[in-house]
Amino acid sequence: MLIVGANRGIGLALCEQLSLRGDRVVATSRAPSQALGSIDGVDARSGVDVTDRASVEALAADLAEQSVDVLWVVAGVLKGVSLDNLDYDVIREQFEVNALGVLGTVASLLPCLRSGSKVALLTSRMGSIADNTSGGSYGYRMSKAALNMAGRSLSIDLAPRGVAVSILHPGWVKTDMTRNQGLIDAQTSAAGLIDRVDELTLETSGQFVHQSGEALPW
């Protein structure tokens, strides 16, 4: 297992649960993480930033002789942008991290994916056009919609390689990103996400799903 963006919240919970069940986990973060380093069975690696293609390619080179069963891309950023405060730099940053950074990470790590491997992309139902009933959050919504499209395209392009892709909404989770607001904690979210990826097949690849298993509208 390779988890990109694992030093806190959902990523950290994934590391804890996957290592506890016996999976070998490589976990990355931008800065050194004491929390990651304290988990038994986790190979914690810092200096990996999804917006820095060179750092991701260096990770891919380090893992070149290894096969990654599941590539989890958890890295993301949420910053509020309203119509009254249309900060293009903040919108652009969220595209760079949430959409372009994720796509570039998968592309760089393709040599590590074999037939039977899986890619798990953490997105948000805030990227759903059909589900948007409250507006606002321009940068986040737009970047997650772009990620959803990238995930769908990846599911088509990677199918001939035997690689399945899951586009996952983790739920409204109490994390630093949400200022500890939400309906569930990171451990509950991680457990559902793991179940969804465990059951993922090429036949269900490219679907947009809630960690609970509910199919979400585009």
Side-chain angles (χ1 to χ4, degrees), residues 1-50 56 59-60 63 66-78 97-98 101-102 105-106 109 112-113 116-125 127 144 147-148 151 154 163-178 180 182-201 204-205 207-214 216:
M1 301 277 178
L2 172 59
I3 305 175
V4 178
N7 61 308
R8 60 180 184 171
I10 297 168
L12 188 62
L14 286 169
C15 288
E16 292 169 345
Q17 294 186 27
L18 290 169
S19 63
L20 187 62
R21 75 177 192 177
D23 291 322
R24 180 178 178 273
V25 178
V26 177
T28 78
S29 58
R30 288 183 297 171
S33 169
Q34 183 176 358
L36 276 180
S38 67
I39 304 174
D40 289 339
V42 171
D43 177 3
R45 305 191 183 197
S46 60
V48 179
D49 184 339
V50 297
V56 180
L59 172 67
L63 300 175
Q66 303 180 42
S67 175
V68 173
D69 293 332
V70 181
L71 168 58
W72 295 83
V73 189
V74 183
V77 61
L78 166 61
V97 176
N98 297 341
V102 174
T105 296
V106 176
L109 291 163
C112 299
L113 303 178
S117 293
K118 302 176 182 181
V119 175
L121 306 179
L122 256 67
T123 182
S124 171
R125 72 187 305 160
K144 289 298 188 178
L147 173 57
N148 290 352
L154 284 168
V163 176
V165 178
S166 193
I167 306 163
L168 297 162
H169 170 58
W172 188 19
V173 187
K174 299 174 185 177
T175 65
D176 291 343
M177 178 182 284
T178 63
N180 289 314
L183 297 176
I184 59 174
D185 59 25
Q187 293 293 338
T188 301
S189 175
L193 293 169
I194 291 169
D195 286 344
R196 302 289 77 74
V197 173
D198 282 348
E199 68 189 19
L200 175 67
T201 66
T204 59
S205 183
Q207 296 180 2
F208 180 23
V209 296
H210 195 290
Q211 61 85 16
S212 66
E214 173 193 359
L216 295 174

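In this text, all values refer to a predicted model and were calculated from it rather than measured experimentally.
Applying the side-chain contact (heavy atoms from CB on, under 4.5 Å) rule to T201 yields the partners E203, T204; only residues at least two apart in sequence or on another chain are considered. The side-chain contact (heavy atoms from CB on, under 4.5 Å) test applied to N98 returns V77, Q94, Y140, S143, K144, not counting sequence neighbours. For S33, the side-chain contact (heavy atoms from CB on, under 4.5 Å) test picks out N7, S29, A35, L36, with sequence neighbours left out. V73 meets the side-chain contact (heavy atoms from CB on, under 4.5 Å) test with L71, V102, T105, V106, L121; sequence neighbours excluded. In this structure E214 satisfies the side-chain hydrogen bond (donor to acceptor under 3.5 Å, both in side chains) test with no other residue, sequence neighbours excluded.
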Per-pair distances, 0.1 Å, donor-acceptor, side chain in residues 17-25, under 3.5 Å, sequence neighbours excluded:
| from | atom 1 | to | atom 2 | distance (Å) |
| --- | --- | --- | --- | --- |
| Q17 | OE1 | A191 | N | 3.4 |
| Q17 | NE2 | Q187 | O | 2.8 |
| Q17 | NE2 | Q187 | OE1 | 2.7 |
| S19 | OG | C15 | O | 2.8 |
| S19 | OG | E16 | O | 3.1 |
| R21 | NE | D23 | OD2 | 2.6 |
| R21 | NH1 | D198 | OD2 | 2.8 |
| R21 | NH2 | D23 | OD2 | 3.2 |
| R21 | NH2 | D198 | OD1 | 3.1 |
| R24 | NH1 | Q66 | OE1 | 3.1 |

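Panel note: side chain S166, backbone A120; no donor-acceptor pair is recorded below 3.5 Å.
Minimum heavy-atom separation, S124 to N148: O-ND2, 4.2 Å. Summarising the geometry of L216 relative to V209, their closest heavy-atom pair is CD1-C, 3.9 Å, with the distance given to 0.1 Å. The two atoms that bring V165 and S205 nearest to each other are N-OG, 2.8 Å, heavy atoms only. A pairwise comparison of heavy atoms in P32 and S46 identifies N-CB, 3.5 Å as the closest pair. P170 and I10 make their closest contact through CB-CD1, 3.5 Å (heavy atoms, listed as atom of the first residue, atom of the second, distance). When all heavy atoms of L193 and W72 are compared, the closest pair comes out as O-CH2, 3.6 Å.
Rounding to the nearest 0.5 Å places OG of S189 at 7.0 Å from CG of L122.
Between L109 and V119, the closest side-chain pair of non-hydrogen atoms is not below 4.5 Å. V163 places none of its side-chain heavy atoms less than 4.5 Å from the side chain of L154. At a threshold of 4.5 Å between non-hydrogen side-chain atoms, the residues V173 and Q211 do not count as touching.
Within a 6.0 Å sphere centred on CD of E199, other residues, nucleotides and ligands contribute more than 12 heavy atoms.
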